Amino acid sequence: MQNLYNKEYYQHYRTASGEISYQDSEEIKAFIGHIATQIKEKYRPRTVLVSGCAMGLQVAALRDLRVEVCRVDLSEYAISWVR
């Protein structure tokens, strides 16, 4: 399973709009930033666990909002990109 979520997978990520580069997509970053803001405002967490964090876009968005984040993912490639 770990080998499935490799560099190729994230560079050719499929969405309803077509194939994109996951880590470079402003659309995905904006969506994830919106979700992070909603989590912060609604639940006011001090700590969050992001299971299946992929390349850490949600992790970074929550950390930018001063939420402590623990993260896990089975893809060594993806987790190596987490800020």
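It should be emphasised that the depicted structure is a prediction, and the values quoted were computed from it without experimental measurement.
Distance check, rounded to the nearest 0.5 Å: NZ of K29 to CD of Q23 gives 7.5 Å. To the nearest 0.5 angstrom, D73 atom CG is 10.5 Å from S80 atom OG. In this structure, CD1 in I20 is found 3.5 Å from CD1 in I28, a value given to the nearest 0.5 Å. With rounding to the nearest 0.5 angstrom, the NZ atom of K7 is 10.0 Å from the OG atom of S21. To the nearest 0.5 Å, the span separating CD1 on I32 from OG1 on T37 amounts to 12.0 Å.
Residue pairs meeting the ring-ring contact (aromatic ring centres under 6.0 Å, His included) criterion with at least one member in residues 26-54: none, sequence neighbours excluded. Among residues at least two apart or in separate chains, ring-ring contact (aromatic ring centres under 6.0 Å, His included) pairs with a member in residues 7-26 are Y5-Y9, Y9-Y13, Y10-Y22, Y13-Y22.
Hydrophobic clustering, with ILVMFWY side chains joined whenever heavy atoms are under 4.5 angstrom apart, groups M55 together with L4.
Remark: E27 CD is loosely packed, at most 12 non-hydrogen atoms of other residues, nucleotides or ligands lying under 6.0 Å away.
Under the rule for a salt bridge (charged side-chain N to carboxylate O under 4.0 Å, His left out), the partners of D64 that lie at least two apart in sequence or sit in another chain are R83.
Annotation for I79 and C53: closest pair CD1-SG, 3.5 Å, computed over non-hydrogen atoms. Shortest non-hydrogen contact noted between T47 and C70 is CG2-SG, 4.5 Å. Nearest heavy atom pair, residue G33 against residue A61, reads CA-CB, 4.2 Å. Across V82 and R63, no two heavy atoms sit closer than the pair CG1-NH1, 4.5 Å.
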